[in-house]
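Atom set for the values below is all heavy atoms of this structure, side chains included, hydrogens, waters and symmetry mates excluded. So you know, we letter chains A, B, ... as the sequences are listed, proteins then strands, and number each from 1. The model shown is predicted, which means the values in this text are computed figures rather than measured ones.
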Amino acid sequence: MKEEYRRILQAVAAIPPGRVASYGQIAARAGLPGRARMVGKVLGYRTEGMKLPWFRVLRADGRIAFEPGSRGFREQTERLRAEGVVVQNGRIRMQEFGLDHDLDRELWGIPD
DNA sequence: AGTATGACATATA
DNA sequence: ATATATGCCATAC
C-alpha cells in the first residue's frame, strides 16, 4: 500500500470520538495539503471490515458527503449520533464538534 | 496519451 | 442558499 494511504488512514483513526474533521483537514494532517479528494478515495476502498472511524469525516461545510437518504448517509448519521454528535438535516456544526474547536479549548481553556 | 469521474475545497456571482 | 468555475490527482477506460 502507498505510504500516502497509510498516513491518511492514520489521520482518520486519530479523530477523537465525538468529534469530526473535514476531508481537507485530514489531507493536511496526513501531509497532503490540497488533496482532499484522495481522502475520500481511500475511505471508499478500505472501509469494509476495518475498524476505522470513517464516519467522523465530513465536508468542509459540515455536511455529510453522501446523498441524503442513501445508505451511507443514514449509517453515518447513526454512528455520529451514537457518540453524541448532533446531526440535523445531514449537517454538523463544526464550530461545536470540529477539531479546531478542541484546539481553542486547549489553548484558551474555554470551559464546556 | 487523452478523457472522464469522484465520500473535496475555495472563490466568486 | 444555489450555481458555476478552478484546482486537485488517483483510477478507470
I'd like to check the side chain to side chain donor-acceptor pair (under 3.5 Å) partners of A/N89; sequence neighbours left out, ordered by chain and number.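 Not a single residue meets the side chain to side chain donor-acceptor pair (under 3.5 Å) criterion with A/N89.
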In whole angstrom, give the distance that lies between atom [atom1] of [X] and atom [atom2] of [N].
| X | N | atom1 | atom2 | result |
| --- | --- | --- | --- | --- |
| A/R29 | B/dA9 | CZ | P | 16 Å |
| A/Y23 | B/dA9 | OH | C1' | 13 Å |
| A/L80 | B/dA7 | CG | P | 18 Å |
| A/L52 | B/dA7 | CG | C1' | 13 Å |

Pairs touching residues 80-92 of chain A that satisfy salt bridge (charged side-chain N to carboxylate O under 4.0 Å, His left out), sequence neighbours left out: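 Found A/R56-A/E83.
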Show me the pairs that pass salt bridge (charged side-chain N to carboxylate O under 4.0 Å, His left out) and involve residues 30-40 of chain A, at least two apart or across chains.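 Listed once each, the pairs are A/E4-A/R35.
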[X]: which residues meet the side-chain contact (heavy atoms from CB on, under 4.5 Å) condition with it, sequence neighbours left out?
| X | answer |
| --- | --- |
| A/Q10 | A/R6 |
| A/A21 | A/I15, A/Q25, A/I26, A/L99 |
| A/Q88 | A/V86, A/R93 |
| A/A28 | none |

Separation between the P atoms of B/dA7 and C/dT6, rounded to whole Å: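 These two P atoms come out 23 Å apart once rounded.
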Parsed dot-bracket for DNA chain C after applying the Watson-Crick and G-U rules with both distances under 3.5 Å and | for other-strand partners is .||||||.|||||
With a 4.0 Å cut-off, would you call A/E78 and A/R74 a salt bridge?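 Salt bridge: no.
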When you check every protein heavy atom under 4.0 Å of nucleotides 2-13 of chain C, what one-letter string (B, S, -) results, 5' to 3'? -----BBSBS--
